[in-house]
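For ligands, and for the atoms within them, numbers begin at 1 and follow the listed sequence. The figures here come from the full heavy-atom set of this structure, side chains too, leaving out hydrogens, waters and symmetry mates.
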Amino acid sequence: MRHTRIIVTHYGGPDALRVVEEECPEPKDGEVRVRVLAAGVSLPDIMAREGVHPETPRLPFTPGWDLVGVVERLGAGTSGIEPGEIVAAMPIHGAYAEFVCLPHRELIPVPSGLDAAEAVSLVLNYITAYQMLHRSAKVKPGQRVLIHGAAGGVGTALLQLGRLAELEMYGTCSSRGAPAVSELGGVPIDYRNQDFVKEIHRLTGEGVDVVFDHIGGTHLWHSRNALRPGGRVVGYGLISSIRGEGLASGRPGRRQRFRGTARFGLYIAGGWLLPGRKRVVPYSIQTFKRLKPALFRQDLIALLDLLQQKKIKPIIAQRFPLPEARHAQELLGKGGVTGKIVLVSNGSSLESGAA
Ligand SMILES: NC(=O)c1ccc[n+]([C@@H]2O[C@H](COP(=O)([O-])OP(=O)(O)OC[C@H]3O[C@@H](n4cnc5c(N)ncnc54)[C@H](OP(=O)(O)O)[C@@H]3O)[C@@H](O)[C@H]2O)c1
């Protein structure tokens, strides 16, 4: 049987993505073959394509951090899982494919009746948001938070989960994203036309308890200035590596996985050394999952439960068929997207409900 997958042929712009047709992979011992119903498209995928994400694989590779799919074939030595079951996984790369083989221990059951695109949004974006809120920042009701990129994939997840946690929320976004941020309970701040530090102090007086910063670089320091004494910045991304300060999308690049991380370290150290009790702490979903796989599983199950109870509702910006992965990444790379872009197989949203 043949299948389609996407590969990155060189580090660089969207032209690095190729569609290939090849034999379906066979599951090895302990592995399960999954037919992918939905794969998330995220900035970490684009950063890996550009060669600047810490998890960038060697070439050629198939991108795709997160997926929801149907168990299709079991390898030897697998247990507790049956063909036809709907599962979620975060392989970090490999999800842009019709079929993928994964260790059976990596698979987390998805309740029936959920939309595959909505369910896949939980795997990377909502777990990141949930763990940053409840495990890194340990937020309490009534606290004030500033969410950068509040209209984006992780940003909208932070707003929905922050509302459930009864937080007072402010969110930077471009003007197009402002209505979505307001609707999700945040006060929008137009980062292109306003100084967010001044705006936060104007709106709150002493500043916020927590800032979630995915920009990195010198931006972390501005975020620190928006804190009240004793507050913390949770730094979880380095957009500045691909936009503005960094590699221009479209140019051939190279694998430089630790670009920007040294400066990150300096800000963390500065947070401890300078007065004001304002800390900069890093968050990395992949590190957290490697160190505490049981908590990753527990948090995803909790989020799937919230989705089933309709307490959260991921915003799906657009669904693309798998062969259009390049268009999907181009759209995300241009910016101005509200919510999550998802690659889907034919009729996936219905299939996941038919489990
Ligand atoms: N550490 C982790 O474990 C982890 C896990 C998941 C994701 N991430 C990181 O999270 C970030 C977001 O990923 P995503 O998939 O949610 O991307 P996304 O959907 O593209 O969202 C990014 C958002 O950032 C906004 N933005 C860009 N420059 C900004 C600035 N200077 N100030 C404020 N907002 C700005 C964009 O707004 P406009 O498009 O309107 O400009 C966009 O809404 C990435 O850096 C990714 O690497 C980290």
Electrostatic pair Glu26-Arg33, nearest N-O below 4.0 angstrom: yes

Atoms in ligand 1 flagged as close to Leu332, the criterion being non-hydrogen separation under 4.0 Å: 19 (O), 20 (O)

Test side chain to side chain donor-acceptor pair (under 3.5 Å) applied to Thr62 and His93, step by step: CA-CA 6 Å; Thr62 292; His93 52 89; over 6 Å; no

Contact summary for Leu59 and Val8, nearest pair of heavy atoms: CD2-O, 3.6 Å

Which of the ligand 1 atoms, numbered from 1, are nearer than 4.0 Å to a heavy atom of Ser174: 38 (P), 40 (O)

Glu31 with Arg105: basic N within carboxylate O range, under 4.0 Å: no

Ile215: numbered ligand 1 atoms lying under 4.0 Å from its heavy atoms: 28 (N), 29 (C), 30 (C), 31 (N), 32 (N), 35 (C)

Salt-bridge criterion met for Glu118 and Arg319 (N-O under 4.0 Å): no

Per-atom contacts of ligand 1 with Pro44, taking only distances under 4.0 Å to non-hydrogen atoms: 7 (C), 46 (C), 47 (O)

Pairing of Arg2 and Glu22 as salt bridge, 4.0 angstrom limit: no

Numbered atoms and elements of ligand 1 in range of Gly152, under 4.0 angstrom, heavy atoms: 19 (O), 21 (O), 43 (O)

contact_flag Lys340 ligand 1 heavy-atom lt 4.0 Å: no

Heavy-atom proximity to atom 22 (C) of ligand 1, best of His222, His148, His214, Met47: His214

Side-chain ion pair, Glu330 and Lys334, N-O less than 4.0 Å: no

Best match, Phe212, Tyr191, Tyr283, Tyr126: closest heavy atom to atom 31 (N) of ligand 1: Tyr191

Numbering as shown, the atoms of ligand 1 that approach Val154 to under 4.0 Å (heavy-atom distance): 7 (C), 16 (O)

Any N or O of Val337 closer than 3.5 Å to N or O of ligand 1: no

Arg224 and Asp213 ion-paired at < 4.0 Å: no

Proximity of Thr338 to ligand 1 by residue part, where a heavy atom lies under 4.0 Å: neither

Part of Met132 with heavy atoms under 4.0 Å of ligand 1, whether side chain, backbone, both or neither: neither

Test item, Ser284 contacting ligand 1 (heavy atom, 4.0 angstrom): yes

Arg176 CZ: over 12 foreign heavy atoms closer than 6.0 Å: no

Backbone or side-chain N or O of Gly149 under 3.5 Å from ligand 1 N or O: yes

Structural part of Phe288 in contact with ligand 1, heavy atom criterion under 4.0 angstrom: neither

Location of contacts on Thr128 toward ligand 1, heavy atoms closer than 4.0 Å: side chain

His327 NE2 to Ile341 CD1 distance, which is reported to the nearest 0.5 Å: 12.0 Å

Non-hydrogen atom of Gly336 closer than 4.0 Å to ligand 1: yes

Per-residue contact class, Tyr236 against ligand 1 - non-hydrogen pairs under 4.0 Å: both

Approximate separation, where rounding is to 0.5 Å, of Leu291 CG and Ser284 OG: 8.5 Å

Distance filter under 4.0 Å to Gly335 heavy atoms, resulting ligand 1 atoms: 39 (O)

Exercise: do Arg144 and Thr204 side chains pair donor with acceptor under 3.5 Å: no

Heavy-atom donor-acceptor pair, Asp299 side chain to Phe296 backbone, under 3.5 Å: no

Numbering as shown, the atoms of ligand 1 that approach Gly153 to under 4.0 Å (heavy-atom distance): 16 (O), 18 (P), 19 (O), 21 (O)

Under 3.5 Å: N/O of Asn125 near N/O of ligand 1: no

Per-residue contact class, His53 against ligand 1 - non-hydrogen pairs under 4.0 Å: neither

